[in-house]
Amino acid sequence: MSHVTIVDASSTPDRTSRARLSDLLQGIRPWDDLEQRHISTAQAWIASGAPLYRTVKPATPPMHLVSYFVVLDEARAQVMLVEHRKAGLWLPTGGHVEPGESPWETVQRECQEELDITAVPSAVFGEQPLFLTVTDTRGPGQHTDVSLWHLIRSTPETITWFSEEEFSSIKWLALTQVLDEPIEILDPHLHRFTAKLADAL
């Protein structure tokens with residue numbers, strides 16, 4: 001994983017943002033030892049004063065904050081995945097957190113941009129992320145994503161448009177079907193997230 005660089009984080013808005021983010025992470029109950037290590041890494045990164053937000057695409061700074069939002073059809077227990085053009089993987093929707101945004105505000109913005117729908121938080125988890133990962137990306141512009149995984153509610157009937165600039169296609173899968181997909185074609189932590197979600201529902 002990328003080395004955490006120490007910078008000055010003495011401004012009051014920055015301290016407040018970091019404290020809120022740290023509190024958010026404390027609300028995540030680790031699914032396994034790996035998630036516990038990822039949460040500890042993220043907490044140390046936040047406390048270090050290192051920059052949190054991407055300022056220049058694709059990899060400046062080399063470690064930055066991401067909000068995933070997994071679209072869940074609660075009645076059918078199905079999730080929606082997108083075939084991401086740049087990553088070449090099936091992923092949840094989401095994007096980089098912008099300076100001044102909370103992770104949930106990123107979910108709201110990206111939901112409009114990527115799916116043209118309003119983000120409706122999960123009935124079970126609300127705006128609180130369910131999962132956290134720290135992942136080194138693949139391909140050009142490699143960097144480390146600290147990703148908060150949120151849940152939003154929707155249905156296949158509601159989502160009638162997606163950003164074809166970013167995604168080749170979308171599909172809905174039952175949780176058991178996600179677990180049956182080869183991990184090589186998915187976000188590397190998607191099986192773990194799905195198992196955690198299945199246990200929580």
Side-chain angles (χ1 to χ4, degrees), residues 1-5 7 17-18 20-22 24-28 30-71 79-111 113-115 119 127-152 163 165-167 178 183-194 196-197:
M1 292 179 187
S2 301
H3 178 69
V4 174
T5 303
V7 299
S17 176
R18 290 173 189 274
R20 288 175 178 167
L21 187 56
S22 181
L24 194 63
L25 266 60
Q26 288 178 15
I28 300 174
W31 166 248
D32 55 16
D33 289 343
L34 180 56
E35 189 174 12
Q36 181 60 71
R37 292 198 299 273
H38 283 182
I39 292 171
S40 297
T41 296
Q43 288 283 27
W45 171 63
I46 294 164
S48 74
L52 303 178
Y53 310 106
R54 187 178 69 177
T55 54
V56 180
K57 295 181 180 181
T60 303
M63 188 171 186
H64 41 256
L65 191 62
V66 168
S67 276
Y68 267 155
F69 57 97
V70 179
V71 183
V79 294
M80 190 194 79
L81 300 180
V82 295
E83 188 176 15
H84 197 279
R85 292 186 184 276
K86 289 184 180 179
L89 298 171
W90 287 93
L91 310 170
T93 37
H96 293 86
V97 180
E98 300 289 345
E101 278 186 333
S102 71
W104 178 251
E105 288 171 337
T106 303
V107 170
Q108 293 175 302
R109 173 177 56 78
E110 292 282 352
C111 199
E113 293 175 2
E114 296 183 346
L115 301 176
E127 299 175 9
Q128 170 70 29
L130 172 64
F131 195 55
L132 180 141
T133 56
V134 180
T135 309
D136 293 333
T137 64
R138 306 188 316 181
Q142 288 185 337
H143 57 277
T144 301
D145 283 341
V146 178
S147 302
L148 294 164
W149 298 54
H150 299 79
L151 281 169
I152 70 165
S163 172
E165 180 180 352
E166 295 198 48
F167 314 131
V178 176
I183 195 62
E184 293 79 14
I185 68 169
L186 306 174
D187 177 287
H189 303 291
L190 192 57
H191 281 173
R192 294 174 51 246
F193 168 82
T194 303
K196 184 176 186 180
L197 175 60

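The shown structure was predicted, so the numbers you read here are calculated from the model rather than taken from an experiment.
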Is there a donor-acceptor pair closer than 3.5 Å between any side-chain N or O of His96 and the backbone N or O of Tyr53? no
Is there a side-chain contact between Val146 and Met63 (heavy atoms, below 4.5 Å)? yes
Any side-chain heavy atom of Leu89 sitting closer than 4.5 Å to one from His84? no
A side-chain contact here means heavy atoms from C-beta on lying under 4.5 Å apart; do Leu65 and Asp145 qualify? no
I need the Gln26 CD to Leu24 CG distance, nearest 0.5 Å. 10.0 Å
Value rounded to 0.5 Å, distance of CD1 in Ile152 from CD in Glu110: 11.5 Å
State whether the side chain of Thr137 and the backbone N or O of His143 hold a donor-acceptor pair below 3.5 Å, judged by distance alone. yes
Side chain of Glu83, backbone of Gly88: donor and acceptor closer than 3.5 Å? no
Using 30° and 60° as the class limits, which term best fits the ring planes of Trp104 and His150: parallel, tilted or perpendicular? tilted
Interatomic spacing from NE2 in His38 to CG in Asp32 - rounded to 0.5 Å: 9.0 Å
Between Leu25 and Ile46, is the side chain to side chain contact (heavy atoms under 4.5 Å, CB included) condition met? List the steps. CA-CA 10 Å; Leu25 266 60; Ile46 294 164; 3.8 Å; yes
Side chains of Thr135 and His189: is there a donor and an acceptor less than 3.5 Å apart? yes
Any donor-acceptor pair under 3.5 Å linking the side chain of Thr55 with the backbone of Thr60? yes
Considering all heavy atoms, the nearest Leu148-Pro103 contact: CD1-CG, 3.5 Å
In the structure I gave you, are the side-chain heavy atoms of Cys111 and Thr93 within less than 4.5 Å of one another anywhere? no
Take Ile28 and Trp149 through the side chain to side chain contact (heavy atoms under 4.5 Å, CB included) test and state the conclusion after the steps. CA-CA 10 Å; Ile28 300 174; Trp149 298 54; over 6 Å; no
Compare all side-chain heavy atoms of Val134 with those of Thr144 and state whether any distance is below 4.5 angstrom. yes
For the student: nearest non-hydrogen atoms of Trp45 and Ser48, plus distance: O-OG, 2.7 Å
Are Met80 and Val82 packed together at the side-chain level, in the sense that at least one heavy-atom pair is separated by less than 4.5 angstrom? yes
Closest approach of Gln36 to Pro30 (non-hydrogen atoms, all atoms of both residues): OE1-CG, 3.1 Å
Go through it in stages, so that I can follow the logic: the residues are Val97 and Val66, the test is side chain to side chain contact (heavy atoms under 4.5 Å, CB included), and I'd like the CA-CA distance, side-chain angles, deciding distance and then a yes or no. CA-CA 5 Å; Val97 180; Val66 168; 5.7 Å; no
Between Arg54 and Glu98, does any NZ, NE, NH1 or NH2 come within less than 4.0 Å of an OD or OE carboxylate oxygen? no
Which pair of heavy atoms, one from Val178 and one from Thr194, lies closest together, and at what distance? CG1-OG1, 3.3 Å
Give a yes or no answer on whether the side chain of Arg18 reaches the backbone of Gly49 with a donor-acceptor pair at less than 3.5 Å. yes
If the test is side chain to side chain contact (heavy atoms under 4.5 Å, CB included), which one of Phe193, Tyr68, Phe69 qualifies with Pro92? Tyr68
Spacing of CG belonging to Leu132 relative to CH2 belonging to Trp31, to within rounding of 0.5 Å: 16.0 Å
d(Arg192 CZ, Leu197 CG) to nearest 0.5 Å is 13.5 Å
Contact between Gln43 and Ser22 at the side-chain level, heavy atoms closer than 4.5 Å - yes or no? yes
Does Arg85 offer a backbone N or O that forms a donor-acceptor pair with the side chain of Glu166 under 3.5 Å? no
Quick test of your reading of the model: are Glu101 and Arg109 salt-bridged, counting only N-O distances below 4.0 Å? yes
Which pair of non-hydrogen atoms, one from Ser67 and one from Val107, has the smallest distance, and what is that distance? CB-CG2, 4.0 Å
Would you mind reporting whether Leu34 and Thr133 have side-chain heavy atoms less than 4.5 Å apart? no
Mind checking the CG-CG spacing from Leu81 to Leu186? Nearest 0.5 Å is all I need. 7.0 Å
